[in-house]
A.B. asks: 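A single structure is presented below for examination.
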Amino acid sequence: MLESIAHASDLTKSLFLLVVGVTGVYTTLALFYLMIKILMRAFKDHDA
Amino acid sequence: MDKLFVGFAHIGLPQIIMYIIGGLLIYLAIKKEYEPMLLLPIGFSTILVNLPLSAVLEYEGAPGVLKILFDAGIQTELFPVLIFIAVGAMIDFTPLLANPKMLFFGAAAQFGIFATIVIALLVGADSLKVASAIGIIGAADGPTAIFVASKFAQKYLGPITVAAYSYMSLVPIVQPPVIRLLTTKEERMIRMEYRDVKVPKPVKILFPIFVTIIAGIIAPISVPLVGLLMFGNLIRESGVLERLSKAAQNELANIVTILLGITIGSTMVAEDFLQPMTLVILLGGLGAFIFDTAGGVLFAKFLNLFLKKKVNPMVGAAGISAFPMSARVIQKMAQKEDPSNFILMHAVSANVAGQLGSIIAGGLILALVPLLAG
């Protein structure tokens, strides 16, 4: 997929970056969200 | 005799304009207190490097002091990376750990970065790398902007840094009109319930370690960025390295900031700065902040279509990284509509999420752009 985009115009590449970038940020932060939820549950009895 | 007056022969209109720009940056730093820690050294350095023969850059064939600092600290990315340790030691992730839903606002408000990359290309950025360096101004996070720009567009490092720090200090002016345009009075008056959640110490310690591992696996190139930020945070949260934590927050931050500011200013040479691209950078940076704000607000409005307990859409705008200024702006706007409405803690959580989101966005740009640009 990246190979076909690599031959496209810079504008097409930037649109691809927009979609993949925004999705990537959401996905990564969603993983952080899950991680925080798991950690908070795992250590709920510990002192703050 | 000619050699005595050689300086006069090397002064032209471009140099005089740069002295005025340098003076303006110093004025904004001192009189208006717009990010003085960076704008003052950059302003002074702008004057230094545009003096006749620029001895601070090169003298009789040997590199000058600012060139040496640039090669050692910017070319190698050492200064921005060291700043990340200091920033990490300053960030308190507790409000975010207590209210992790706000992470999604931190993601939404990064939209401006990517939208600006597209627009920068449309209005004249000469490559995807340069457009990305302009877009990253929207990270509202100086060190991330410097780090990405030093990788992709070293030639424009000066104007990109000036734009990033200037707009960060202008958040109280840039954000409110965009928020008012996209929200109704009723929406701005929405109240949000706040529950005081205690965050256990092991969570605060494990968080920076796990974030580093996850970010490092998703975008390995982001490790210097995320890893050292989280290292700084781990020093802070460990509870056993208080001296080092304070050193990172004070001595390290201060020394690197001085060196970073004066070194970045060394890129503000008239021939490079007085170009149409500088205008594209300044306008692009402003656009990035506007799109970030709009992205956050519109995401919150979208969520409200499905939520029973509505979110005040202004909180979405706090998802940019300009901490704590953006959160304060949102609280001020909320209280203007309803003096008894208190959404500061939600805005702070979104703001901290924005700090994380901006670095992740920076990491993704660092990983994706070289693959696309070839």
Side-chain angles (χ1 to χ4, degrees), chain A, chain B residues 93-94 96-111 113-122 125-129 131-132 135 197-204 206-207 210-211 214-215 218-219 222 295 353 356-358 360-361 363-365 367-369 371-374:
Chain A
M1 175 132 178
L2 272 175
E3 280 166 12
S4 60
I5 294 285
H7 298 294
S9 68
D10 274 350
L11 194 61
T12 310
K13 288 176 189 173
S14 68
L15 289 169
F16 177 79
L17 188 63
L18 171 71
V19 175
V20 176
V22 171
T23 311
V25 175
Y26 268 104
T27 310
T28 311
L29 294 194
L31 285 173
F32 293 166
Y33 172 80
L34 288 175
M35 180 189 79
I36 294 170
K37 282 284 185 192
I38 293 167
L39 286 174
M40 288 293 277
R41 189 159 296 182
F43 294 100
K44 67 180 174 194
D45 297 327
H46 270 257
D47 290 336
Chain B
F93 283 113
T94 311
L96 179 65
L97 296 170
N99 194 4
K101 283 196 295 278
M102 291 296 151
L103 270 167
F104 297 102
F105 294 109
Q110 308 311 318
F111 171 75
I113 298 175
F114 298 99
T116 304
I117 295 173
V118 179
I119 290 166
L121 277 170
L122 286 172
D126 39 22
S127 69
L128 185 63
K129 285 188 174 179
S132 302
V197 178
K198 297 274 177 264
V199 179
K201 192 172 165 64
V203 177
K204 292 184 189 176
L206 289 170
F207 178 72
F210 285 166
V211 164
I214 293 173
I218 291 174
S222 71
L356 205 51
S358 69
I360 297 303
L364 285 168
I365 285 174
L368 289 167
V369 170
L371 293 175
L372 293 169

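Labels below follow one simple rule: chain letters A, B, ... track the order of the sequence lines, proteins then strands, and each chain is numbered from 1.
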A.B. asks: Can you tell which part of B/I218 gets under 4.5 Å to a heavy atom of chain A, answering side chain, backbone, both or neither?
C.D. replies: side chain
A.B. asks: Let me confirm one number: the CG-CD1 distance from B/L371 to A/I5, rounded to the nearest 0.5 Å.
C.D. replies: 12.0 Å
A.B. asks: Can you say whether the rings of A/Y26 and B/F104 are parallel (under 30°), tilted (30 to 60°) or perpendicular (over 60°)?
C.D. replies: parallel
A.B. asks: CG of A/L11 to CD1 of B/I119: how many Å apart, nearest 0.5 Å?
C.D. replies: 10.5 Å
A.B. asks: Pick one of side chain, backbone, both or neither for B/A125, based on which atoms fall under 4.5 Å of a heavy atom in chain A.
C.D. replies: neither
A.B. asks: Does any heavy atom of chain A fall under 4.5 Å from the side chain of B/A131, the backbone, both, or neither of them?
C.D. replies: neither
A.B. asks: Check whether A/A30 gets within reach of chain B through its side chain, its backbone, both or neither, counting any heavy atom under 4.5 Å.
C.D. replies: both
A.B. asks: Using a 4.5 Å cut-off on heavy atoms from C-beta on, say whether the side chain of A/F32 contacts that of B/I360.
C.D. replies: yes
A.B. asks: What part of B/L103 gets closer than 4.5 Å to chain A, counting heavy atoms only: side chain, backbone, both or neither?
C.D. replies: both
A.B. asks: Where do B/G357 and A/L29 come nearest, in terms of heavy atoms and distance?
C.D. replies: CA-CD1, 3.9 Å
A.B. asks: Quick check: closest heavy atoms across A/M35 and B/F210, and the distance to 0.1 Å?
C.D. replies: SD-CB, 3.0 Å
A.B. asks: B/L364 versus chain A, heavy atoms under 4.5 Å apart: side chain, backbone, both or neither?
C.D. replies: side chain
A.B. asks: If you round to the nearest 0.5 Å, how far is CD1 of B/I113 from CG of A/L18?
C.D. replies: 11.5 Å
A.B. asks: Got a second to check how far B/F114's CZ is from A/L17's CG, nearest 0.5 Å?
C.D. replies: 6.0 Å
A.B. asks: Which one, B/I117, B/V211, B/L206, leads in non-hydrogen pairs under 4.5 Å with chain A?
C.D. replies: B/V211
A.B. asks: Is the closest side-chain heavy-atom distance between B/V118 and A/L15 below 4.5 Å?
C.D. replies: yes
A.B. asks: Give the minimum heavy-atom separation between B/L121 and A/D10, together with the two atoms involved.
C.D. replies: CD1-O, 3.3 Å
A.B. asks: For chain A, which of B/A108, B/A115, B/G106 has the most heavy-atom pairs under 4.5 Å?
C.D. replies: B/A108
A.B. asks: Show the numbers, then the answer: is there a side-chain contact (heavy atoms from CB on, under 4.5 Å) between A/M40 and B/V197?
C.D. replies: CA-CA 10 Å; A/M40 288 293 277; B/V197 178; 3.8 Å; yes
A.B. asks: To the nearest 0.5 Å, tell me how far B/L368 CG sits from A/K13 NZ.
C.D. replies: 12.5 Å
A.B. asks: Given that the side chain runs from C-beta out, which part of B/S132 has a heavy atom under 4.5 Å from chain A: side chain, backbone, both or neither?
C.D. replies: side chain
